[in-house]
Visitor: 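After the structure tokens below, expect a handful of questions from me.
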Amino acid sequence: MQWVLTAAQMREAEQAAESQHGMPSALLMENAGRALAEVARSLAGPQGRFHVVCGPGNNGGDGLVAARFLLEGGARLSVAVVGERGKMTAEAQRNLKALESAAFTAQSLEALPELGPGDVVVDALFGTGLSRAPAGPFAEAIQRMQRWRGAGARVVAADVPSGLQSDTGEPFSPCVEADVTVSFGLFKRGQILEPGASLCGEVRRVDIGLSLAAARSLTGPGVPRLVEEADARGALPPRRADSHKGTYGHVLGVAGSRGKSGAAALLARAALRSGAGLVSVATRAEVLEGVMAHAPEIMGIPLEASGPLGLADLEPLLAAAEGKDALVIGPGIPRGPETGQLIGELLTRVDADVVLDADALNAVASDLSVLRRAKRQVVLTPHPGEMARLTGLSTKEVQARRLEVARDFAMAHGVTLVLKGTRTLTVSADGELFINPTGNPGMATGGTGDVLSGICGAFLAQGFPVPDAIWAAVYTHGLAGDLAARRSGKVGLIAGDLLQGLCDVWTRWDR
Ligand SMILES: NC(=O)C1=CN([C@@H]2O[C@H](COP(=O)(O)OP(=O)(O)OC[C@H]3O[C@@H](n4cnc5c(N)ncnc54)[C@H](O)[C@@H]3O)[C@@H](O)[C@H]2O)[C@@H](O)CC1
Ligand SMILES: [K+]
């Protein structure tokens with residue numbers, strides 16, 4: 001996993017590197033600029049020219065170091081310094097002098113020639129220190145870089161595309177759109193959260209000498225981490241030779257209703273395709289055959305009452321939950337006035353971990369105190385709209401502060417929370433944050449959430465601990481979507497394709 005930091009945490013890490021590890025910021029800048037030059041060179045055509053656009057802060061300093069290395073390598077190079085020289089940081093000034101001592105002259109932006117295919121722009125205008133919308137010459141510089149890109153030049157951003165707010169991923173206007181962003185030392189939030197992630201293009205993290213210091217100073221919850229493929233694969237050990245279906249747990253899905261039997265079927269099949277030893281589905285009697293028609297491997301439990309799920313279903317569901325290792329409640333359920341109470345009773349009495357999804361989330365939203373009273377682990381998997389109902393915020397507020405909203409909720413109610421959307425977040429009950437990098441817009445289609453709930457249930461039933469089971473489920477779900485989209489395209493992708501995608505994940509991971 002990789003830490004994902006705020007600008008303030010980056011500054012702390014930089015200070016720790018200097019005070020505790022003898023790595024002065026000049027040395028960090030040297031390493032950063034050198035790595036930046038290497039990436040810039042890798043993007044240029046054989047006759048490519050380089051424009052390095054530098055701002056007044058240390059981001060500009062990185063650009064000036066990169067310019068020095070490009071010059072040493074014999075590149076066709078122009079450098080522009082935007083803003084007043086007197087306002088540059090000491091490190092940036094020192095590197096400008098170093099460049100000028102080689103009889104090289106930085107120019108004004110207007111003097112720089114136009115660029116085209118094969119050429120490279122190094123955007124070193126602003127990094128993590130951007131504090132307000134770029135205006136005047138800074139805005140013009142960003143627009144100029146955008147124009148060069150429009151004409152075919154590649155843009156490599158130093159640390160953060162200029163104009164992007166590195167703590168939120170929200171861009172000011174104007175903002176550089178990069179082809180590659182070279183992230184110095186550690187990831188920044190704005191590189192991972194959308195729309196920042198898209199504005200960064202490909203993010204390449206390079207070590208510059210502060211990761212070790214940061215790792216020591218940034219322990220504890222609160223600092224989000226980016227899940228990597230090795231983490232997810234490692235969280236799911238291979239199946240043992242001497243095992244049987246009982247080894248891999250029994251998932252009970254409480255799902256489906258008239259017209260929504262497919263939700264139960266997707267949940268159940270996803271749980272089966274994610275390694276659960278046994279999967280049962282409890283649903284209204286009249287839809288059970290429809291569910292089972294999709295999956296002969298599952299066992300059906302008819303709920304004989306009628307109408308929305310309510311207290312009349314409590315005894316049959318308690319009986320159904322006997323001996324189960326995980327429950328998944330919600331996809332396609334008929335919700336009514338008693339559904340929340342029913343779920344509350346199940347949470348306090350059932351001896352199994354429970355995943356709440358879809359209408360089960362809406363059902364508990366009116367009385368969240370039941371979450372704290374649960375006998376075992378509770379996992380909630382809301383999309384932003386459901387999260388808004390759970391918190392009383394608007395969807396927009398949820399999206400604007402995803403990390404904080406998710407963490408506050410998980411800690412307040414003692415649950416593992418999955419906040420879905422681009423870069424799905426998993427938060428543990430003690431506030432550890434895991435950002436997921438897999439998945440694609442093709443998965444914005446009905447039923448993919450049902451599949452995720454089934455994967456979560458299967459991993460819990462197999463005894464994987466929270467929160468690992470859940471961030472691994474989220475990663476696996478996204479990767480299944482990415483692999484499935486190779487066949488179907490993003491437009492053609494449907495939730496059922498994720499079931500084959502899951503098999504592709506298992507063969508890829510040798511599981
Ligand atoms: N933190 C670290 O460990 C390291 C940071 N480095 C670089 O340092 C950068 C951060 O440097 P700084 O903190 O100096 O910040 P920046 O270089 O991002 O820019 C901040 C400067 O621009 C000014 N400014 C901010 N917004 C402006 C606006 N809209 N219009 C005009 N001026 C504006 C600020 O007053 C300040 O002078 C990082 O992104 C990275 O590139 C690297 O040199 C290596 C090590
Ligand atoms: K930049």
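In each ligand, atom 1 is the first atom listed, and ligand 1 is the first ligand listed. What you see is a predicted model, and the numbers here were worked out from it, not measured in a lab.
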Visitor: Should we say atom CZ of R34 is surrounded by more than 12 heavy atoms from elsewhere, each under 6.0 Å from it?
Guide: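 Counting other residues, nucleotides and ligands, CZ of R34 stays at 12 neighbours or fewer.
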Visitor: Of the backbone atoms (N, CA, C, O) and the side-chain heavy atoms from C-beta on, which set of S131 has a member under 4.0 Å from an atom of ligand 1: side chain, backbone, both, or neither?
Guide: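 Both backbone and side chain of S131 come within 4.0 Å of ligand 1.
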Visitor: Could you check whether R511 makes a cation-pi contact with W506, meaning its NZ or CZ is under 6.0 Å from the centre of the six-membered ring and within 45° of the ring axis?
Guide: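 No, a cation-pi geometry is absent between R511 and W506.
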Visitor: In the protein, which heavy atom is nearest to atom 10 (C) of ligand 1, and how far is it?
Guide: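 Going atom by atom, the protein heavy atom closest to atom 10 (C) of ligand 1 ends up being T128 OG1, 3.3 Å.
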Visitor: Angle at the K ion (ligand 2) between OG of S162 and O of F126, to 10°?
Guide: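 So the angle at the metal works out to 70°.
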Visitor: Looking only at protein heavy atoms, identify the closest one to atom 9 (C) of ligand 1 and say how far it is in Å.
Guide: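 For this ligand atom, the closest protein heavy atom is N59 N, 3.7 Å.
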Visitor: Hey, does G127 come in under 3.5 Å of ligand 1, counting only N/O atoms on both sides?
Guide: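 N/O-N/O distance below 3.5 Å exists for this pair.
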Visitor: For ligand 1, which atoms, with element, lie under 4.0 Å from some heavy atom of P56?
Guide: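 Within the 4.0 Å cut-off of P56, ligand 1 contributes 22 (O).
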Visitor: So, are E14 and R11 salt-bridged, with charged N and O less than 4.0 Å apart?
Guide: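 Between R11 and E14 there is no salt bridge, as every charged N stays at least 4.0 Å from the carboxylate O atoms.
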Visitor: Just distances here: any N/O of K87 and N/O of ligand 1 closer than 3.5 Å?
Guide: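 K87 vs ligand 1: no N/O contact under 3.5 Å.
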Visitor: Inspect the surroundings of CD in E72 and state if more than 12 heavy atoms from other residues, nucleotides or ligands are less than 6.0 Å away.
Guide: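 Counting other residues, nucleotides and ligands, CD of E72 exceeds 12 neighbours.
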Visitor: Scan side-chain atoms only and decide if W509 and E229 contain a donor-acceptor pair under the 3.5 Å cut-off.
Guide: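 Yes, side-chain donor-acceptor contact under 3.5 Å.
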Visitor: When you measure from the K ion (ligand 2) to the N, O or S atoms of A157, does any of those distances fall below 3.4 Å?
Guide: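 A157 does not place any N, O or S atom closer than 3.4 Å to the K ion (ligand 2).
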Visitor: What are the atoms of ligand 1, with element, lying closer than 4.0 Å to any heavy atom of M10?
Guide: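 Close to M10: 1 (N).
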Visitor: For atom 27 (C) of ligand 1, is there a protein heavy atom at a distance under 4.0 Å?
Guide: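 So far as the 4.0 Å threshold goes, atom 27 (C) of ligand 1 is in reach of a protein heavy atom.
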Visitor: Does a salt bridge link E110 with R144, judged by any charged N lying under 4.0 Å from a carboxylate O?
Guide: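 Result for this pair is no, no salt bridge flagged.
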Visitor: Do T438 and D482 get their side chains close enough for a donor-acceptor pair, meaning under 3.5 Å?
Guide: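 Judged by distance alone, the side chains do not pair up.
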Visitor: Under the side-chain contact (heavy atoms from CB on, under 4.5 Å) test against K188, which residue among V203, L193, T128, V4 passes?
Guide: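 By the side-chain contact (heavy atoms from CB on, under 4.5 Å) criterion, K188 pairs with just one of V203, L193, T128, V4: T128.
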Visitor: For D62, take its heavy atoms, then give the atoms of ligand 1 lying under 4.0 Å from any of them.
Guide: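 Numbered from 1, ligand 1 contributes 6 (N), 7 (C), 40 (C), 41 (O), 42 (C), 43 (O).
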Visitor: When you look for heavy atoms under 4.0 Å from ligand 1, do you find them on the side chain of D159, its backbone, both, or neither?
Guide: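 D159 to ligand 1: side-chain contact only, backbone stays beyond 4.0 Å.
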Visitor: Any N/O/S atom, side chain or main chain, of D159 closer to the K ion (ligand 2) than 3.4 Å?
Guide: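 Under 3.4 Å: D159 has no N, O or S contact with the K ion (ligand 2).
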Visitor: Taking distance alone, with no angle check, do T89 and ligand 1 share an N/O pair under 3.5 Å?
Guide: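 By distance alone, the answer is no.
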Visitor: Test of understanding: given a 4.0 Å heavy-atom threshold, classify the contact between A133 and ligand 1 as side chain, backbone, both, or neither.
Guide: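 Backbone only; the side chain of A133 stays clear of ligand 1.
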Visitor: Could you tell me whether the side chains of S198 and E194 share a donor-acceptor contact shorter than 3.5 Å?
Guide: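 Checked: S198/E194 side chains pair up, N/O donor to acceptor below 3.5 Å.
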Visitor: For ligand 1, is there an N or O atom under 3.5 Å from any N or O atom of G129?
Guide: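 The answer is yes, given that G129 and ligand 1 share an N or O pair closer than 3.5 Å.
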Visitor: Return yes when at least one N/O/S atom of A158 is nearer than 3.4 Å to the K ion (ligand 2), and no when none is.
Guide: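 Given the 3.4 Å cut-off, A158 counts as a ligand of the K ion (ligand 2).
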Visitor: Taking the basic N atoms (NZ, or NE/NH1/NH2) and the acidic carboxylate oxygens, is any pair closer than 4.0 Å for E114 and R149?
Guide: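 Answer for the salt bridge query: no.
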Visitor: With heavy atoms of L130 as the reference, note each atom of ligand 1 found under 4.0 Å away.
Guide: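 Selected atoms, number and element: 18 (O), 25 (C), 26 (N), 29 (N).
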Visitor: Report the part of I208 in contact with ligand 1, treating N, CA, C, O as backbone and CB onward as side chain, heavy atoms under 4.0 Å; options are side chain, backbone, both, neither.
Guide: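 For I208, only side-chain atoms sit under 4.0 Å from ligand 1.
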Visitor: So if I apply the side-chain contact (heavy atoms from CB on, under 4.5 Å) rule between R49 and each of V121, D119, V120, which one comes out positive?
Guide: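 Between R49 and the candidates, side-chain contact (heavy atoms from CB on, under 4.5 Å) is satisfied uniquely by D119.
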Visitor: Is there a donor-acceptor contact under 3.5 Å linking the side chains of D167 and T6?
Guide: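 Side chains of D167 and T6: no pair found under 3.5 Å.
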Visitor: What residue and heavy atom of the protein are closest to atom 1 (N) of ligand 1, and at what distance?
Guide: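 Checked against all protein heavy atoms, atom 1 (N) of ligand 1 sits closest to E14 OE1, 3.0 Å.
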Visitor: Side chain or backbone of V160 under 4.0 Å from ligand 1, or both, or neither, by non-hydrogen atoms?
Guide: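 It is neither part, as no heavy atom is under 4.0 Å.
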Visitor: Considering non-hydrogen atoms of the protein only, which is the closest contact for atom 29 (N) of ligand 1, and what is the distance?
Guide: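 Checking every protein heavy atom, the shortest distance to atom 29 (N) of ligand 1 gives R132 O, 2.8 Å.
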Visitor: Show the atoms of ligand 1 that are less than 4.0 angstrom away from any heavy atom in P134.
Guide: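 Listed by number with element, the hits are 29 (N).
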Visitor: Which residue in the set Q2, R205, Q191 passes side chain to side chain donor-acceptor pair (under 3.5 Å) when paired with S183?
Guide: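 Per the side chain to side chain donor-acceptor pair (under 3.5 Å) rule, the option paired with S183 is Q191, out of Q2, R205, Q191.
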Visitor: Do the charged groups of E38 and R41 touch, with an N to O distance under 4.0 Å?
Guide: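 Salt bridge: no.
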Visitor: Would you please indicate yes or no on a ring centroid separation below 6.0 angstrom for Y475 and F434?
Guide: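 Ring-ring flag for F434/Y475: false, centres at least 6.0 Å apart.
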Visitor: Nearest N/O/S atom of D123 with respect to the K ion (ligand 2), by atom name, please.
Guide: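 For D123, the N/O/S atom sitting closest to the K ion (ligand 2) is O.
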Visitor: So which atom in C175 and which in G163 form the shortest heavy-atom distance, rounded to 0.1 Å?
Guide: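 Between these two residues, the closest heavy atoms are SG-C, 3.6 Å.
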Visitor: Give the numbers and elements of all ligand 1 atoms closer than 4.0 Å to a heavy atom of M29.
Guide: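 Once the distances to M29 are compared, the set is 43 (O).
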Visitor: Considering only heavy atoms, does F126 approach ligand 1 within less than 4.0 Å through its side chain, its backbone, both, or neither?
Guide: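 The answer is both.
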Visitor: Side chains of R68 and N95: any donor to acceptor distance under 3.5 Å?
Guide: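 Yes, R68 and N95 have a side-chain donor paired with an acceptor closer than 3.5 Å.
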Visitor: What's the shortest distance from atom 11 (O) of ligand 1 to any protein heavy atom, and which residue and atom give it?
Guide: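 Of every protein heavy atom, N58 CB, 3.4 Å lies nearest to atom 11 (O) of ligand 1.
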Visitor: With heavy atoms of L210 as the reference, note each atom of ligand 1 found under 4.0 Å away.
Guide: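 Counting from 1, the qualifying ligand atoms are 2 (C), 3 (O).
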Visitor: Can you find an N or O of R11 that's nearer than 3.5 Å to an N or O of ligand 1?
Guide: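 For ligand 1, there is no N or O atom that lies under 3.5 Å from one belonging to R11.
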